[in-house]
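Sending over a structure as structure tokens; questions will come in a sec.
Ligands are counted one by one from 1 in listed order, and the atoms in each one are counted from 1 as well. Hydrogens, waters and symmetry mates play no part in the numbers below; they use all other heavy atoms, side chains included.
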Amino acid sequence: MSNKKQQPESQFTVLPAHVAIVMDGNGRWAKKRLMPRAAGHKAGVGALKYIIESASEAGVKCLTVFAFSSENWNRPEREVSILMDLFVSSIKKYLPELKQAGVSLRFIGDRSVFSEKLSASLLDAESATKDNTFLNLNIAMNYGGRWDIVEAAKNMLLDVESGSVSPANIEETLFSDYLSLADLPAVDLFIRTGGEHRISNFLLWQCAYSELYFTDVLWPDFNGDEFLKALQWFSSRQRRFGRTGEQLEEELQSLQTNEVK
Ligand code: FPP
């Protein structure tokens, strides 16, 4: 990971401000190679490293990945424990590089059940990179989109109780201020590897208008080229936000006319 001082010029006409990824397929990748599932997860960390680099190089400013869902506790105890150890060791291994590359790390999800060791490593990574601005990298751990919304509702109600928020003023923008990643743009591009076509309780609110990109490629094989393919696909999408295609064409023409003037 190189130290990027300047934002590179983008090769895409439209770049997503925020990309979210469900990194699925580690287990199947390992099984195909007659390896234990843990080897798939380890390879998955390697893939994540390359995607962080590709995202930085492409000029993406926010990347949020799903490392462990609230439902993943249902996996065999041994796999859960291997994943937790992998989180600690990977953060330790890559933190200096991430820091140097200008990446700001944030972890979202319910941390209350994590071991002291993991909790300390998350805090340490966040504090070491808090002043970085090149890429916002958010890692969701013990996260669920419904949990996020319920937490937001609970915290907003505390403010209602204390009188700092009036129920009459509650609307979408106010509510979204209580969610994880409230300070970041909404997710423009949602990517899921591994062939499943599901959102799986990831960033439900934040993905309300996302373009959804599904690929059969298993996460450890999802490399820089695959990521650029997804960005290319995104750049070809017409994002209407409820308007008609004709309205968008007119807006584009008027923008182009103003540029010429
Ligand atoms: C889903 O594949 C993957 C996970 C539950 C774990 C993802 C974690 C990583 C890639 C490591 C990230 C590391 C850090 C430090 C954030 P799966 O096991 O469900 O695959 P399968 O569907 O083929 O069984």
- Among protein heavy atoms, which lies nearest atom 14 (C) of ligand 1, and at what distance?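 Here the nearest protein heavy atom works out to F87 CD2, 3.8 Å.
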
- Task: Give the residue, atom name and distance (to 0.1 Å) of the protein heavy atom nearest atom 16 (C) of ligand 1.
- Result: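 Minimum-distance protein heavy atom for atom 16 (C) of ligand 1 reads I139 CG2, 3.6 Å.
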
- When the ring planes of H197 and F214 are compared, do they come out parallel, tilted or perpendicular, using 30° and 60° as the limits?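 Parallel: the ring planes of H197 and F214 meet at under 30°.
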
- Message: Atom CZ of residue position R146 - does it have more than 12 heavy atoms of other residues, nucleotides or ligands inside 6.0 Å?
- Response: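 Check fails, neighbour count at 12 or below.
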
- Message: For the CG atom of N136 and the SG atom of C62, what is their distance to the nearest 0.5 Å?
- Response: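 Nearest 0.5 Å value for the CG-SG distance: 4.5 Å.
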
- Protein heavy-atom partner closest to atom 19 (O) of ligand 1 - residue, atom, separation in Å: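 Ranked first by proximity to atom 19 (O) of ligand 1 is R75 NH2, 2.7 Å.
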
- Task: Might you work through the side chain to side chain donor-acceptor pair (under 3.5 Å) test for D24 and T193, ending with a clear yes or no?
- Result: CA-CA 5 Å; D24 197 10; T193 62; over 6 Å; no

- Of all the non-hydrogen atoms in the protein, which one sits nearest to atom 1 (C) of ligand 1, and at what distance?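 Protein heavy atom at minimum distance: M23 O, 3.3 Å.
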
- Geometric class of the W219/F222 ring pair [parallel <30°, tilted 30-60°, perpendicular >60°]: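 Ring orientation of F222 relative to W219: parallel.
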
- Message: Looking at ligand 1, is there an atom of it that comes within less than 4.0 Å of some heavy atom belonging to K31?
- Response: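 The answer is no, since K31 has no heavy atom less than 4.0 Å from ligand 1.
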
- Query: Which protein heavy atom lies closest to atom 10 (C) of ligand 1, and at what distance to 0.1 Å?
  - Reply: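 Going atom by atom, the protein heavy atom closest to atom 10 (C) of ligand 1 ends up being N26 ND2, 3.5 Å.
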
- Quick one: does G25 get a heavy atom under 4.0 Å from ligand 1?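 Yes; G25 lies near enough to ligand 1 that a heavy-atom distance drops under 4.0 Å.
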
- Task: Identify which of A38, A67, A47 has a heavy atom lying nearest to atom 8 (C) of ligand 1.
- Result: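 Selected option, by shortest heavy-atom distance: A67.
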
- Around R78, counting heavy atoms of other residues, nucleotides and ligands shown, do more than 12 lie under 6.0 Å from its CZ?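 Incorrect, the count does not exceed 12.
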
- Message: Which residue and atom name correspond to the protein heavy atom nearest atom 15 (C) of ligand 1, and how close is it?
- Response: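 Looking at atom 15 (C) of ligand 1, the protein heavy atom closest to it is S90 CB, 3.6 Å.
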
- Item | Any E196 heavy atom less than 4.0 Å from ligand 1 |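 E196: no contact with ligand 1 (<4.0 Å).
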
